[in-house]
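Read through the structure below, which is laid out as structure tokens, and then see the notes.
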Amino acid sequence: MQNPLYLNIENVGALQNRALIPAFDRDKIKTSIAHIGISNFHRAHQAYYMHELIENHDEFNFGICGIDLLDADRKIYNVLKDQDGLYCLMVKDANGSHQIKVIGSIVEYFFGPENPMAVIERLAHPDIEIISLTIAEDGYHLNEITGEFDQENPVVAEDMRNPFYPKTVFGYLMQAFKLRKFRGLAGCTILSCDNIKGNGDTMKASFFNYVNKMEPELLPWLKENTTFPNSMVDRITPLTRPEDIETLKNDFLIEDQWPVVCEPFANWVIEDNFFHGRPQWEKVGVQFVEHIEFYDKMKLQLLNAGHTLLGILGTLHGYKTVGEAANDEDFMYFLKTFMDAEVIPVLDKAEVHLVENYKSTLIARFKNPYIYDSLSRICDESSAKVPIFILPTVRTQLSKDKVIDRAAFVIAAWCTYYDGLDDQGKTYKISDSISNVLIRRATQSQQNPIRFLEIESVFGDLKSSPIFVEKYVRYLNYIRTRTIKECIKDFNSGLL
Ligand code: CS2
């Protein structure tokens, strides 16, 4: 009987009968990508693609330096250090087959709160040709309605007061690019990998806004020396559960402190607009396009909106995972009709086959019983997600006098989500940077339903659409007096 082995560079060779291990010499890798935000998603997506490229096409020029900037990320930094950047990717197919692959593309790691200067120096180093980001939807601080960067945000404001000890991505990048300019070095590509429409454009607008306020004289150089390709990223990656760590240890005899679980599906579409050269990711399935808009819309407004819909409705019912909600026929019927009647009409008609294919694959992906993707992960920070995933559909449909009923139903249900109690009488955790506002407005909406829609940073001027308001109010009153399951059934059968 063999014993479990700790995952690190010394032991990895001995794991070859237990998992797929990197079939390349990591010492040969040169680091040219600095990635900020070593999330599970990054480890299942970009780091995975890079690993595949190194392993199958001998691309040794683009190893990844992982950088975390938040105090809360100390754990992943420590784990990466402890495991020499190695971790297990547990790819779980819906048919029950699982593949364990040790990913070896992250070769350096830095932690901002411990040593901000080291991070700034690394970002400024001429070897770094791409700075990529997963900083989440709420990390960009750009007000969609006004197009203005939120300089009032407390962490941003703190960076503005203490620019030499930055905390935000913007503060770090500004210091790094100042050094590059001062030293006569070139700039680089900034590649956003977040679920935001036009993520590169958004990053550029936020960053330039920040620099313009802080060091306007740096701006002309930056404009000449950076590019911000837009990209669409896709792979469902749940939070790691203690059970996943146990399975690896007991069934595969590998001790990994923080493995990553994901589905087999992966997709990445990028606008080919890089300042220097770039990895030839197309060799491992990445698609390079001139314009991202169609792919962005399809993904954000079908997949992410679908997640948000299942997250809100499922939580109200008492479900805990996307799989549970997606395998409930009433929920699935509601989701499918939302997609067919309200989302697909706003997508490019010329690409109808692609859209239909994406939709049906998506439904199977949501149903994958081996991906325990918690609804709480989906609902976290909904105030930053709903405006990106659902409201663009509503606005386009309204502008064409088309149906918005299911979206209005979801928004009404979302308001009751902040009442904090599911239909089984259980409470759930609400996690949002503006949770106090959301909870207060949901409470006020019991007297005056519009109060919730009046949160301008989320809804903009949606409250001035009489059609939307009429539906929303009707559904809200209905939902508040019945279980969500009854409401969905009534909706599906045309009673509502
Ligand atoms: C999810 C995404 O955060 C969310 O709400 O919808 O993380 C989703 O799982 C990924 O975008 C899948 O590509």
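Atoms within a ligand are numbered from 1 in the order they appear, just like the ligands themselves.
For the residue pair Tyr372 and Glu243, no side-chain donor N or O sits within less than 3.5 Å of a side-chain acceptor on the partner.
Checked against the 6.0 Å centroid criterion, the rings of Phe334 and Phe409 qualify as a close aromatic pair.
Of the residues Arg406, Lys471, Arg395, the one that meets the salt bridge (charged side-chain N to carboxylate O under 4.0 Å, His left out) test with Glu342 is Arg406. Partner of Asp419 under the salt bridge (charged side-chain N to carboxylate O under 4.0 Å, His left out) criterion, chosen from Arg441, Arg480, Arg440: Arg480.
Less than 4.0 angstrom separates some heavy atom of His307 from each of these atoms of ligand 1: 1 (C), 6 (O), 8 (C), 9 (O). Atoms of ligand 1 lying under 4.0 Å from any heavy atom of Lys299, numbered from 1 in the order shown and given with element: 10 (C), 11 (O), 12 (C), 13 (O).
Here Asn195 has side-chain heavy atoms under 4.0 Å from ligand 1, and that is the only part of it that gets that close. Proximity of Arg235 to ligand 1, defined as any heavy-atom pair under 4.0 Å, is confined to the backbone N, CA, C and O atoms.
The protein non-hydrogen atom at the shortest distance from atom 2 (C) of ligand 1 is Asn304 ND2, 3.4 Å. Looking at atom 13 (O) of ligand 1, its nearest protein heavy atom turns out to be Asp234 OD1, 2.7 Å.
In this structure Tyr48 satisfies the ring-ring contact (aromatic ring centres under 6.0 Å, His included) test with no other residue, sequence neighbours excluded. Checked against side chain to side chain donor-acceptor pair (under 3.5 Å), Asn78 has no partners two or more places apart in sequence or in another chain.
Looking at Lys385, Arg377, Met232, it is Arg377 that brings a heavy atom closest to atom 9 (O) of ligand 1.
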